[in-house]
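Notes to accompany the following structure.
Each chain gets a letter, A, B and so on, in the order its sequence line appears, and its residues count up from 1. Owing to the predicted nature of the structure, the values given are computational and were not obtained by experimental measurement.
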Amino acid sequence: MRTHLCGELRLAHAGDQVTLCGWVAHRRDHGGVTFVDLRDREGVVQIVFHPDDAPEAHATAQELRGEWVVRVTGSVRERPPGMANVDLATGAVEVVVTSVEVLNRAETPPFVIEDRIEADELLRLEYRYLDLRRPEMTRALRLRHEINRTIREHMDPLGFLEVETPVLTTATPEGARDFLVPSRMFPGSFYALPQSPQQLKQLLMVAGQDRYYQIVRCLRDEKPRADRGLEFTQLDVEMSFADEEDIVSVIEPLYARVVRETQGVDVTTPFRRMSYDEMLERYGSDKPDLRYGMELSTLTDLFEGSGFAAFAKVAADGGVIKGLTAPRGAAVLSRKELDKLVEDAKGRGAAGLVWIAVEDGRALRSPVDKFLSDEERNGILDRTGAVPGDLVCLVGDRVDRANVALDGLRRDLAARLDLISDERWEFVWYFEPPLFDWSDDENKWVSNHHPFTAPLTDDLEPRTAKARAYDLILNGSELGGGSIRIHDPQIQERVFEVLGLSHEEIESKFGHLIRAFRYGAPPHGGIAMGLDRLAMLMAGKDAIRDVQAFPKAQSGADPLMGGPSPVDPAQLQELGIRVIEPARSEGGR
RNA sequence: GCGCCUGUGGAGGAGUCCGGUCGUCCUCAUCGCCCUGUCAAGGCGAAGAUCGCGGGAUCGAAGCCCGUCAGGCGCGCCA
């Protein structure tokens, strides 16, 4: 039907006779000569209709409207001198049309199909098939394709087998809320959609499959965010006879390659590494953005018995005084903005925030300056390294709350002070996170990663035990994480003990896995990497929606297909399901 | 579950604090006419809206109050 693609034509094609198919992106009618920008997936090329040379085609060209689908035949020629369009990949040439055929007409689209037009998010989702025609969105789809292709090219020679795991699986009590699928064959019972193929990939290791990977859809029925949806895709990996270094040595070159191929940037390997504790100490976060500095300092000892009562009390009660220094912050931020920082810190749960503007001659300007001794003033300057023009922000609170507040502050200030470079790709691993977390809700210890995560040492004291787990962070986003798994039944038993699980619970929740492990489980470990987020970062976007073909709205609704929707009563009958409250009235969407 | 922001011709925005002169304006799209080298073409003209929805106070509401729906961002939740 066609000989070439619109977007592929170059100077080398000059003189060629071509037939193209595509959508009318723009029509420029000069009364005589008429130009049309013809678009397909590969790009846009200018086609020219001359009234004298091809009167019939030119007449048809007058009728053409935006998004009509046409097929044209003509010859490629170099554009006349001075007429080239350097902004267009095909801009050196144009196609002189001899005949044109309208394959389909189109209604006027609800928004212009152009990158620079920012239509309403909802409208874009409703008409996703039009939104995806925009070159920017086409690029996003291609980016995902390239990432997937790169993964397969990387994993195959390393001996990884791509194995599919079921979509209909079993509800797990741990972790996120499951999406449930009612069973017709077993009325009253439900399948669950996978939150991840965690247990299945471990079973594949027991099955002797050695190295497994899968690009797999996972689903979690939790409130979506800009960087996390109800369904998402992960690169799931599991390796037998593997330790941390084996996992890292598979993932690092892959991610370096993705950055090289999609950004044209060489990132250095090995990636930076930090212990979880060090990361929290230095950045107040388990996913710090290392494209800029502003590391946190701890000043607790400086305020023991201080004249500044608020900090003295925090220090006495076992809290911490931590802070960061915003370069040029005092020079740039207004008083109003400084007050906003305090409000934001409170909004993040901290008791408050103290800002200290450093002025010339080591003088300080701060609401609390009058409470500080000279020793404290000098201590602050020395410990933080602040120089005139800088802004020092201090938070005194329980260590977790201080970290949360300062992490948020650090991110906000970096953006406000323009410290973030779009061209830097700062990977960092953390290792040795806590094995357990205390759950206030359940009033017991729970697994930080999951119950099969191997402890770092014999220490299983929940307050201090560390895990053989790891996370990879890029530019302040968590890309993924995993762990070395327990293969020793006795250690597994002790972990279950800490988690307060009875033998009955263990049997009902994890019986199949435990049983499998009795038949010769190899030492193994793995990792799961979020691909939506990776694509989002590589595309320079703020939301994973922008790198998904058909995303849902934040409510979980699907504006394109109209789901979720009520179903026919007969369908419910068959499943043995009665709806208690009608989900939502008609037209409520 | 909670907090914040948004909703105005087909699209994006201004107008909303401080009610009357506002269904007023800008950019794009649409329709018509003109134009033989533009490329976000240009010129002239036209059409297009119960200001998300419901209620309330007011002589009077796009604007104020209450409720509600939808979208976005965040907290809780979730790796």
Side-chain angles (χ1 to χ4, degrees), chain A residues 25-38 44-53 58 65-67 79-88 90-91 94 96 107-127 130 174-178 195-196 198 218-230 232 234 286-287 343-344 347-349 404 408 411-412 430 433 437 439-441 447-450 453 469-473 477-483 527-530 533 542-543 545 552-555 557 559 584-585 587-589:
Chain A
H26 293 285
R27 184 175 61 102
R28 291 178 294 280
D29 178 357
H30 286 254
V33 65
T34 296
F35 303 97
V36 166
D37 291 337
L38 197 63
V44 166
V45 69
Q46 171 166 286
I47 59 179
V48 194
F49 298 82
H50 284 289
D52 308 328
D53 305 341
H58 180 263
R65 292 295 181 271
E67 302 311 315
R79 292 205 195 178
M83 303 293 175
N85 184 348
V86 292
D87 297 328
L88 211 57
T90 62
E94 60 190 4
V96 183
E107 287 184 19
T108 303
F111 50 85
V112 188
I113 317 269
E114 290 234 326
D115 280 350
R116 67 203 161 80
I117 298 297
E118 268 317 314
D120 186 74
E121 191 84 38
L122 180 61
L123 204 63
R124 288 178 55 200
L125 296 185
E126 264 178 52
Y127 295 91
L130 297 181
E174 312 274 310
R177 214 172 275 125
D178 288 306
Q195 297 182 21
S196 82
Q198 182 59 42
C218 303
L219 301 102
R220 291 176 187 161
D221 187 5
E222 300 291 350
K223 191 81 203 290
R225 291 282 188 277
D227 67 347
R228 137 194 143 206
L230 298 180
F232 55 96
Q234 62 183 38
D286 61 0
K287 45 181 197 305
E343 287 315 304
D344 289 348
R348 293 189 173 100
V404 168
R411 287 169 196 261
D412 288 351
Y430 77 64
D437 285 329
S439 165
D440 282 333
D441 283 357
S447 289
N448 176 26
H449 188 61
H450 60 62
T453 303
Y470 32 81
D471 259 36
L472 181 61
I473 294 108
S477 282
E478 183 200 331
L479 284 185
S483 64
I527 195 164
M529 308 298 297
R533 218 173 268 174
D542 299 320
R545 272 193 309 280
K552 306 217 180 335
Q554 195 173 71
S555 63
R584 192 171 291 177
S585 59
R589 176 171 84 75

(message) Test your reading of the model: is there a side-chain donor-acceptor pair from A/H58 to the backbone of A/D52, 3.5 Å cut-off?
(response) no

(message) Both distances below 3.5 Å, Watson-Crick or wobble geometry, any strand: find the nucleotide opposite B/U16.
(response) none

(message) Taking B/G63 as the reference, what is the distance to B/G54 when you measure between their P atoms (whole Å, please)?
(response) 12 Å

(request) Provide the distance between the two P atoms, one in B/U8 and one in B/G72, to the nearest whole Å. (result) 15 Å

(request) Find the partner of B/C35: check Watson-Crick (N1-N3 plus N6-O4 or O6-N4) and G-U wobble (N1-O2, O6-N3) distances, both under 3.5 Å, and reply none if neither fits. (result) none

(message) Restricting to ring pair (Phe, Tyr, Trp, His ring centres under 6.0 Å), what partner residues turn up for A/F111, sequence neighbours left out?
(response) none

(message) Rounded to whole Å, please give me the gap between CD in A/E126 and P in B/A11.
(response) 10 Å

(message) Under a 3.5 Å cut-off for both contacts, is B/C51 paired Watson-Crick or G-U wobble with anything, and if yes, with which nucleotide?
(response) none

(request) List the protein contact pattern of nucleotides 72-79 of chain B with one symbol per nucleotide (5' to 3'): B for base contact, S for sugar-phosphate-only contact, - for none; contact means a heavy-atom distance under 4.0 Å. (result) SBBBBBBB

(request) Rounded to whole angstrom, note down the P distance from B/A49 over to B/C39. (result) 33 Å

(message) Suppose we define a pair by two distances each less than 3.5 Å, Watson-Crick or G-U wobble; what does B/U30 pair with here?
(response) B/A46

(message) Nearest whole Å is fine: how far is B/G37 P from A/H58 NE2?
(response) 12 Å

(message) Taking the P atom in each of B/C66 and B/G23, what is the distance between them to the nearest angstrom?
(response) 25 Å

(message) Pairing check on B/C2: which nucleotide meets the Watson-Crick or G-U wobble criteria with it, both distances under 3.5 Å?
(response) B/G74

(request) Write down the distance separating the C1' atoms in B/C64 and B/C17, rounded off to the nearest Å. (result) 11 Å

(request) State whether the number of non-hydrogen atoms from other residues, nucleotides or ligands found under 6.0 Å of A/D542 atom CG is greater than 12. (result) no

(message) Tell me every residue that passes salt bridge (charged side-chain N to carboxylate O under 4.0 Å, His left out) with A/R27, counting only those two or more places apart in sequence or in another chain.
(response) A/D29

(message) Please enumerate all residues that pass ring pair (Phe, Tyr, Trp, His ring centres under 6.0 Å) together with A/H450, with sequence neighbours excluded.
(response) A/F452

(request) Check the distance between B/A11's P and A/E107's CD and give it to me in whole angstrom. (result) 14 Å

(request) Pick the C1' atom in B/C25 and in B/G71, then give their distance to the nearest Å. (result) 26 Å

(message) Treating A/R28 as the side-chain partner and A/V33 as the backbone partner, does any N or O pair qualify as donor plus acceptor under 3.5 Å?
(response) no

(message) Test of understanding: with salt bridge (charged side-chain N to carboxylate O under 4.0 Å, His left out), list the residues that count as partners of A/R65, not counting sequence neighbours.
(response) none

(message) For A/L130 versus A/I113, what's the shortest heavy-atom pair and its separation?
(response) O-CD1, 3.6 Å

(request) Provide the distance between the two C1' atoms, one in B/C33 and one in B/G15, to the nearest whole Å. (result) 33 Å

(message) If I pick the C1' atom on B/G55 and the same atom on B/A14, what distance separates them, to the nearest angstrom?
(response) 29 Å

(request) Would you mind reading off the distance between A/I113 atom CD1 and B/G12 atom P, rounded to a whole angstrom? (result) 14 Å

(message) Using whole Å, what does the distance between atom C1' of nucleotide B/C35 and atom CG of A/D52 come to?
(response) 15 Å

(request) Scan every strand shown for a Watson-Crick or G-U wobble partner of B/G9, both distances under 3.5 Å, and answer none if you come up empty. (result) none

(request) List the protein contact pattern of nucleotides 38-54 of chain B with one symbol per nucleotide (5' to 3'): B for base contact, S for sugar-phosphate-only contact, - for none; contact means a heavy-atom distance under 4.0 Å. (result) BBBB-------------

(request) To the nearest Å, give me how far apart CG (A/D53) and P (B/G37) are. (result) 14 Å

(request) Both distances under 3.5 Å, Watson-Crick or G-U wobble: report the partner of B/G60, or none. (result) none

(request) Tell me the partner of B/C22, counting only Watson-Crick (N1-N3 plus N6-O4 or O6-N4) or G-U wobble (N1-O2 and O6-N3) with both under 3.5 Å; none if nothing fits. (result) none

(message) Tell me the interatomic distance from A/F111, atom CZ, to B/G9, atom C1', rounded to whole angstroms.
(response) 18 Å

(message) A/R79 vs A/Q46, test: side-chain contact (heavy atoms from CB on, under 4.5 Å). Steps then yes/no.
(response) CA-CA 10 Å; A/R79 292 205 195 178; A/Q46 171 166 286; 3.5 Å; yes

(message) If we ignore hydrogens and angles and just use 3.5 Å, is the side chain of A/Q195 paired with the main-chain N or O of A/A176 as donor and acceptor?
(response) yes

(request) Decide if the gap between the ring center of A/H26 and the ring center of A/F35 is smaller than 6.0 angstrom. (result) no

(message) In this structure, how many angstroms lie between the P atom of B/G9 and the CG atom of A/D120, rounded?
(response) 11 Å

